[in-house]
Amino acid sequence: MRALKQLEEIAFAFTKYGIPMIVLKGCAAILFLYDGLGLREFDDIDLLIQERHLADARKIMEELGYESAD
């Protein structure tokens with residue numbers, strides 16, 4: 001549930017700033033591959049964004065409290 005709440009927050013922020021994104025792997029599939037939200041554990045959320053939006057996406061993630069692993 002925490003990962004889905006985080007994803008909701010991230011998607012809202014990216015949409016607010018006009019940055020399109022695609023959610024990859026587990027978070028993208030949970031709603032139609034699993035019978036319940038608790039049946040799939042998440043360690044991370046994978047997002048695909050266009051390279052031209054990378055700097056803005058990093059800024060948004062930092063504003064949301066996330067840190068870069070770089």
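Along the sequence shown, residues are numbered consecutively beginning with 1. Quick note: numbers below take in every heavy atom, side chains included, and nothing from hydrogens, waters or symmetry partners.
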Could you list the residues that satisfy side-chain contact (heavy atoms from CB on, under 4.5 Å) with Glu62, not counting sequence neighbours?
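If we apply the side-chain contact (heavy atoms from CB on, under 4.5 Å) test to Glu62, skipping adjacent residues, there are no hits.
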Using the test side-chain contact (heavy atoms from CB on, under 4.5 Å), find all partners of Ala13 that sit at least two apart in sequence or belong to another chain.
Ile60, Leu64
Apply side chain to side chain donor-acceptor pair (under 3.5 Å) to Glu8 and list each qualifying residue two or more places apart in sequence or on a separate chain.
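Expected list: Lys5.
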Side chain to side chain donor-acceptor pair (under 3.5 Å) filter on Gln50, not counting sequence neighbours, yields Arg52, His53
Pairwise side chain to side chain donor-acceptor pair (under 3.5 Å) hits with a residue in residues 15-24, at least two apart:
none
Side chain to side chain contact (heavy atoms under 4.5 Å, CB included) assessment of Leu47 paired with Ile22:
CA-CA 6 Å; Leu47 305 174; Ile22 296 173; over 6 Å; no
Smallest separation among heavy atoms of Ala57 and Ile49, with atom names:
CB-CD1, 3.2 Å
Is it true that, when you exclude Glu63 itself, more than 12 heavy atoms of the residues, nucleotides or ligands shown sit nearer than 6.0 Å to its CD?
yes
Heavy atoms, side chains only, cut-off 4.5 Å: are Phe14 and Asp56 in contact?
no
Can you tell if the side chain of Leu7 reaches within under 4.5 Å of the side chain of Val23, non-hydrogen atoms only?
yes
